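In what follows, a structure is listed as structure tokens, so that the remarks can point back to it.
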Number of protein chains: 2
Amino acid sequence: MPERKPRKDAVRNRAAVLAAADALFAGCERPEAVTMADIAEAAGVGKATLFRAFGDRTGLIRALFEARLEPVRTAVEEGEPPLGPAAPPLERVPALLDAVLCFKLDNRHLALALEGTGSDSPYQAPHYEKWHRTLRDLLARVPGLDDGGFAAHVLLAATRADLVEHLVGQERTGREQARAQLAAFTARLLGPGGGGRSVGTADSRAPASG
Amino acid sequence: MPERKPRKDAVRNRAAVLAAADALFAGCERPEAVTMADIAEAAGVGKATLFRAFGDRTGLIRALFEARLEPVRTAVEEGEPPLGPAAPPLERVPALLDAVLCFKLDNRHLALALEGTGSDSPYQAPHYEKWHRTLRDLLARVPGLDDGGFAAHVLLAATRADLVEHLVGQERTGREQARAQLAAFTARLLGPGGGGRSVGTADSRAPASG
DNA sequence: TTGCGAAACGGACCAGTGGTCCGTATCGTT
DNA sequence: AACGATACGGACCACTGGTCCGTTTCGCAA
């Protein structure tokens, strides 16, 4: 086992950086306005420490994102229906999309920072692959959707950070309204003959809020 | 009329810059690897000329994009069915989406450069507004889709440059395959009771190539 | 053709970014 | 206490988009 436990100042600094970055991204409007130097200063560490711990800017943002996303992930992977694996596709798909949407609503700046990294397309992030695979497998069990995952891509694209930001920020869409729209869209796609009519009508549960 | 005609060296340089940028973006893989200095040098002008003509990087890319898009735009605005205004929604929506997709396929790098500008969300570009409005108005005439334009956003998100890039570049999806997937998705969304079954089955017309 | 003011040019220049280097301080183990 | 390994930090680097201003070119008019 090549796992040598890291020094304790390293883990302390790592946590400090994560916390500082979280606060800065949450408080700032345009994510790219938060510089690495800002984060380092806010965390009370040198810039090199920050890069040593996370590799580069994308690495830091990704780590932050994954950390925040973790509760949602476990709820999906080992939770109970409608999010958990036991739920039938027609229930689970809307629940999953709603969870993703709520997460993006609750972590707008962070999601925006991650997807807007510029150089790296969001489609290469490891967590995207996972969401996509899960969704694709579910959709494969819905009659008439044998398109090899394209529908999954589109449904996830419906929750993209900049779109959410545009809806909420520019078009003055409210949280529940956004959830209802996504639910309606999903329902129409899933159940051409009617079927998912009572599963996704947005109640006010907030799967991923702080 | 405050329209003073520009000096001819200005228009010549503007054209040269546009052409150089077009070539560079088309030939390079990662659009952000094309720097403003590169474009200036390739065009044989100074950097300031480039900024004087287009304001900033986004302005240049946008100008290039609009120029390329122009034939598609006129085909949609004053062409004949199925793209033109005379076509009924159930035909025109798939045609329109197919046209957008083909355009993105034919101008991958450029579209990627535009949408990945970073600071500016794609949803604030003027041309997006136009596409969205057109699509929303069409969808409003389809029964059951009264969601105030959300579906239009999602359908356009299905043709986003980085998604297209991912499909074609990573998932090895072919051009016709991508078109067929989008057509199938659109058909399913439009015609839950069946209706758009024979309109969007991808033939090999290439609305925006060359 | 010549003259001249305005318009456009170009490349040195600037501010600010992500990312690295290396001498120094800290850790943790013996 | 001692000492090698590990991590620290901020000066430093390469490079970017964008600007400044002395110089050149244009277009009009005499």
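Order of the sequence lines sets the chain letters (A, B, ...), proteins ahead of strands, with each chain counted from 1. The figures that follow rest on heavy atoms only: side chains count, while hydrogens, waters and symmetry mates do not. Since the structure is predicted, the reported quantities are computational estimates derived from the model, not experimental observations.
Rounded to whole Å, atom P of C:dG10 lies 15 Å from atom CD1 of B:Ile39. Regarding A:Asp56, its CG atom lies at a distance of 5 Å from the P atom of C:dG19, rounded to whole Å. Taking atom CD of residue B:Glu32 and atom P of nucleotide C:dT17, one finds them 19 Å apart after rounding to whole Å.
Under the rule for a ring-ring contact (aromatic ring centres under 6.0 Å, His included), the partners of A:His166 that lie at least two apart in sequence or sit in another chain are B:Tyr123, B:His153. Every residue two or more places apart in sequence or in another chain was checked for a ring-ring contact (aromatic ring centres under 6.0 Å, His included) with A:Phe54, and none qualifies. The salt bridge (charged side-chain N to carboxylate O under 4.0 Å, His left out) check on B:Asp162 picks up A:Arg160, with sequence neighbours excluded.
Nearest-nucleotide mapping onto DNA chain C: of A:Met36 and B:Val45, the residue sitting toward the 5' end is B:Val45. Taking the nucleotide of DNA chain D with the nearest heavy atom to each of B:Val34 and A:Asn13, the more 5' of the two is matched to A:Asn13.
For residues 14-22 of chain A, proximity to DNA chain C is found at no residue, defined as any non-hydrogen atom under 4.0 angstrom from a strand atom. Only B:Ala48, B:Phe51, listed by number, bring a heavy atom of residues 48-55 of chain B to less than 4.0 angstrom from any atom of DNA chain D.
Looking at A:Gln181, its side chain never comes within 3.5 Å of a backbone N or O of B:Phe150 through a donor-acceptor pair. With hydrogens and angles ignored, the 3.5 Å screen pairs no side-chain donor or acceptor of B:Arg92 with any backbone N or O of B:Pro82. Side-chain N or O atoms of A:Thr186 include none that pairs as donor or acceptor with a backbone N or O of A:Pro94 at under 3.5 Å.
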Shorter than 3.5 Å, N or O on both sides, protein versus nucleotides 26-29 of chain C: list them out with atom names.
residue: C:dT26; atom: O2; partner: A:Arg7; partner atom: NH1; Å: 3.1
residue: C:dT26; atom: O2; partner: A:Arg7; partner atom: NH2; Å: 3.2
residue: C:dG28; atom: OP1; partner: A:Lys8; partner atom: N; Å: 3.2

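A salt bridge links A:Arg175 and A:Asp106; the closest N-O separation between the charged side-chain nitrogens and carboxylate oxygens is under 4.0 Å.
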Side-chain donor-acceptor distances from residues 10-23 of chain A under 3.5 Å, at least two apart:
residue: A:Asn13; atom: ND2; partner: A:Asp9; partner atom: O; Å: 3.3
residue: A:Arg14; atom: NH1; partner: A:Ala53; partner atom: O; Å: 3.3
residue: A:Asp22; atom: OD1; partner: A:Arg68; partner atom: NE; Å: 3.4
residue: A:Asp22; atom: OD1; partner: A:Arg68; partner atom: NH2; Å: 3.0
residue: A:Asp22; atom: OD2; partner: A:Arg68; partner atom: NE; Å: 3.2
residue: A:Asp22; atom: OD2; partner: A:Arg68; partner atom: NH2; Å: 3.2

Please set out all donor-acceptor pairs under 3.5 angstrom arising from side-chain atoms of residues 70-81 of chain B, sequence neighbours excluded.
residue: B:Thr74; atom: OG1; partner: B:Pro71; partner atom: O; Å: 2.9

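Judged as a ring-ring contact (aromatic ring centres under 6.0 Å, His included), the pairs with a partner in residues 56-77 of chain A (not counting sequence neighbours) are, in order, A:Phe65-A:Phe103, A:Phe65-A:His127. Contacts classified as salt bridge (charged side-chain N to carboxylate O under 4.0 Å, His left out) and involving residues 43-55 of chain A (residues at least two apart or in different chains) are not found. Among residue pairs with one or both ends in residues 131-142 of chain A, those qualifying as salt bridge (charged side-chain N to carboxylate O under 4.0 Å, His left out) are A:Glu129-A:Arg133; sequence neighbours excluded.
Chain B approaches DNA chain D within less than 4.0 angstrom (heavy atoms of the protein), and the contacting nucleotides run 5' to 3' from D:dT16 to D:dC28.
For A:Leu97 against A:Leu182, the heavy-atom pair with the smallest separation is O-CD2, 3.7 Å.
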